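See structure below.
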There are 2 protein chains.
Amino acid sequence: MAAINTRTSPKKESTIVDAGHSFTEENYLKTILKLSEQSEDAVSTNAIAFRLGTKAATVTDMIRKLSQKKLIHYKKYQGVRLTARGTKVAWAIVRRHRLWEVFLTEKLHFKWDEIHNIAEELEHINSEELVKRLDKFLGFPKFDPHGDPIPDSKGRLSRISRTTIKEMQIKQTAIMTGVIDHTSPFLRHLEMLKLTPGKEIKLLRMLDFDGSCIISINRGEETYISSLVASNILVSIRNEKV
Amino acid sequence: MAAINTRTSPKKESTIVDAGHSFTEENYLKTILKLSEQSEDAVSTNAIAFRLGTKAATVTDMIRKLSQKKLIHYKKYQGVRLTARGTKVAWAIVRRHRLWEVFLTEKLHFKWDEIHNIAEELEHINSEELVKRLDKFLGFPKFDPHGDPIPDSKGRLSRISRTTIKEMQIKQTAIMTGVIDHTSPFLRHLEMLKLTPGKEIKLLRMLDFDGSCIISINRGEETYISSLVASNILVSIRNEKV
DNA sequence: ACTTAAATTTCGACTTGTCTAAACATTTTA
DNA sequence: TAAAATGTTTAGACAAGTCGAAATTTAAGT
């Protein structure tokens, strides 16, 4: 998978503070942010390489560059952490990504599992104004179609308590707020079950021998889901809006 | 103006026939198409270089590449012409550009003169499906906000007869359908005059000594425009919808 | 602690797109 | 039509991002 396309630049123009990172740099930042969220430790070269489908050698080079730009902290062999600035830039990218995902599903009616790749390209479009207007056009959504929170323009997140169906009590009701597994097969499976963020879920029974669950969606008829599925669906017991 | 950003590829996936040209290649094709429309002759290296803000040497290299890919006809020192395939690809890019321009003005309420640069980035997003759905979402528009026709998915154009205000008869009425000059200062000037595609224009008088015109817009009060302005506004005498 | 295993970095090297300077073609024009 | 001007191509070089192989560092195991 070699790099083939080249853009004509981070334009001269525009944003007050932190624009003008290359497509590739942005992808590294985003990846480091994701990886940082999954554990407290510094992010390893290999982990980044794996996520990006590149090689460790390549990552080392880019890491040095990002470090020079003060977007990450880096000591040889010690892995990396985002700086405050790096964090801000990374969240801005995530914000764009999730806003575009909302656009793709709500306005263009793409299915849940088709939007990620397109949003992956759209997120790099480089215009503060565009994002601001898109946000407004979409009605300032707080969560993306997968239930992940959309940071506001300052990078602040709406945090809601989220547990999985596995943690629910029998007869308890909750609102689905997202998924843990974001892969296409899983999303398609949920699509089929009509199990999407915002739906009301009541846990009717949990079977002892394999942990599978019987639930009712939006007060509808009984639906059977495996233990694995149940443990990958995030819900909020309280009444936060999705 | 050096190349800084690199995309991660024309993905493996998707479109039946002609996808997977680099950002840069697409820009060359689009430029060659534009230049081709302005005259019958083959397009010169220098003309391309000027439009793209690069140097002739650079253009020669890219031209060889495009020629190898059979997107253009090329004989040394003779300039280039698009092949049938190249033409198709180029129109597809123009289509995407103009659809995004409609989106930016109609949905995000960008002003006339702000949209070009953003559309310039959006046009390279690489998904047939996205364009198809965007087109539908926008109601299958036939013209962009500047009045330029949007080719359909087969590359067919809505052609309407277009002349300038200078060609109109006194007391004749016409619909504004577009502009010749697409530069920001001119567009802002028209914005100020409330002179945009779709408006009804009646030519009241044309002054002999400098060719300036007095018109009425949408049956409103008299507006004075210079000869230069008049000659850059396209109108359709017949009743085609814009 | 010492040796092996695993992860990381360095070292060329390649590709895309770019540039400058020099060589070469085509036009113009005198 | 030959000389000058203009336009185009070649050649060599460079930045960005990538890779494989070799060297280096850290971590693990006994």
Side-chain angles (χ1 to χ4, degrees), chain A residues 1-12 20-32 35 39 41-69 71-81 124 126, chain B residues 1-12 20-32 35 39 41-69 71-81 120-121 124 126:
Chain A
M1 204 200 279
I4 298 184
N5 289 353
T6 297
R7 288 208 300 182
T8 339
S9 80
K11 306 278 152 44
K12 67 232 154 185
H21 305 289
S22 79
F23 207 101
T24 311
E25 287 168 342
E26 290 194 352
N27 279 335
Y28 275 85
L29 290 175
K30 199 181 52 162
T31 301
I32 295 168
L35 260 11
S39 104
D41 303 342
V43 177
S44 79
T45 304
N46 257 356
I48 298 170
F50 181 75
R51 273 297 269 271
L52 252 25
T54 65
K55 293 302 161 66
T58 312
V59 173
T60 301
D61 288 343
M62 179 55 79
I63 268 175
R64 243 213 254 82
K65 193 175 156 198
L66 257 17
S67 172
Q68 231 145 42
K69 286 192 169 195
L71 292 163
I72 57 179
H73 295 295
Y74 170 56
K75 275 204 287 292
K76 272 196 201 175
Y77 295 99
Q78 304 310 135
V80 301
R81 300 190 127 91
H124 300 290
N126 167 331
Chain B
M1 205 198 279
I4 299 185
N5 289 353
T6 297
R7 288 210 298 185
T8 340
S9 82
K11 307 276 151 46
K12 65 228 159 194
H21 305 289
S22 78
F23 207 101
T24 311
E25 287 169 344
E26 289 193 353
N27 279 336
Y28 274 84
L29 290 174
K30 199 181 54 163
T31 300
I32 294 168
L35 260 9
S39 107
D41 304 341
V43 177
S44 79
T45 305
N46 257 357
I48 298 170
F50 181 75
R51 274 297 270 269
L52 252 25
T54 65
K55 294 300 159 67
T58 312
V59 173
T60 301
D61 289 343
M62 179 55 79
I63 268 174
R64 245 214 254 81
K65 193 174 157 199
L66 258 16
S67 172
Q68 231 146 41
K69 285 191 169 195
L71 292 164
I72 57 179
H73 295 295
Y74 170 55
K75 274 205 288 292
K76 271 195 202 176
Y77 295 98
Q78 303 310 136
V80 301
R81 299 192 128 90
E120 203 81 9
E121 299 197 43
H124 300 291
N126 170 326

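What you are looking at is a predicted structure, and each value in this text was computed from that prediction instead of being measured. Order of the sequence lines sets the chain letters (A, B, ...), proteins ahead of strands, with each chain counted from 1.
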Considering just the side-chain nitrogens and oxygens of [X], establish if one lies under 4.0 Å of OP1 or OP2 belonging to [N].
X: B:T45; N: D:dT9; answer: yes
X: B:R64; N: D:dT10; answer: yes
X: B:N46; N: D:dT6; answer: no
X: A:T60; N: C:dT10; answer: no

Point to revise | Derivation of the side-chain contact (heavy atoms from CB on, under 4.5 Å) call for B:K30 and B:N27 | key: CA-CA 5 Å; B:K30 199 181 54 163; B:N27 279 336; 4.2 Å; yes

Measuring from [X]:[atom1] to [Y]:[atom2], what's the distance to the nearest 0.5 Å?
X: B:H21; Y: B:K69; atom1: NE2; atom2: NZ; answer: 5.5 Å
X: B:H124; Y: B:E25; atom1: NE2; atom2: CD; answer: 11.5 Å
X: A:T24; Y: A:K65; atom1: OG1; atom2: NZ; answer: 7.0 Å
X: B:I72; Y: B:I32; atom1: CD1; atom2: CD1; answer: 4.5 Å

Exercise for review: Using a 4.0 Å heavy-atom cut-off across all strands, classify A:Y28 as base, sugar-phosphate, or nothing.
Suggested key: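 The answer is sugar-phosphate, as A:Y28 gets under 4.0 Å only of primed atoms, P, OP1 or OP2.
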
Exercise for review: Looking at every strand, decide which applies to A:T54 at a 4.0 Å heavy-atom threshold: base, sugar-phosphate, or nothing.
Suggested key: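 Result for A:T54 = sugar-phosphate.
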
Could you tell me the separation between the [atom1] atom of [X] and the [atom2] atom of [N], rounded to a whole number of Å?
X: A:E26; N: D:dG17; atom1: CD; atom2: P; value: 11 Å
X: A:I63; N: D:dT18; atom1: CD1; atom2: C1'; value: 15 Å
X: A:N27; N: D:dA16; atom1: CG; atom2: P; value: 17 Å
X: A:F23; N: D:dT18; atom1: CZ; atom2: P; value: 11 Å
X: B:K55; N: D:dT6; atom1: NZ; atom2: P; value: 17 Å
X: A:Q68; N: D:dA15; atom1: CD; atom2: C1'; value: 14 Å
X: B:K75; N: D:dT9; atom1: NZ; atom2: P; value: 13 Å
X: A:L52; N: D:dC19; atom1: CG; atom2: P; value: 10 Å

Give every donor-acceptor pair under 3.5 Å between a side-chain atom in residues 43-58 of chain B and any protein atom, sequence neighbours left out.
{"residue": "B:S44", "atom": "OG", "partner": "B:A47", "partner atom": "N", "Å": "3.1"}

Check your understanding: Hey, does B:F23 have a side-chain heavy atom less than 4.5 Å from the side chain of B:N126?
Key ->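 They are not in contact (no side-chain heavy atoms under 4.5 Å apart), so the answer is no.
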
**Study point:** Heavy-atom side-chain proximity of A:Y28 to A:I63 below 4.5 angstrom
**Key:**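 Result no, sub-4.5 Å side-chain heavy-atom pair not found.
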
Could you work out which one of [options] sits closest to the side chain of [X]?
X: B:S44; options: D:dT10, C:dT9, D:dT8; result: D:dT8
X: B:D61; options: D:dG20, C:dT8, C:dC19; result: C:dC19
X: B:T58; options: C:dC19, C:dT9, D:dG17; result: C:dC19
X: A:K65; options: D:dA16, D:dT10, D:dA21; result: D:dA16

Practice item. Sugar-phosphate means primed atoms, P, OP1 and OP2; the rest is base. With that split, encode nucleotides 23-29 of chain C 5' to 3' as B, S or - using protein heavy atoms under 4.0 Å. Key: -BSS---

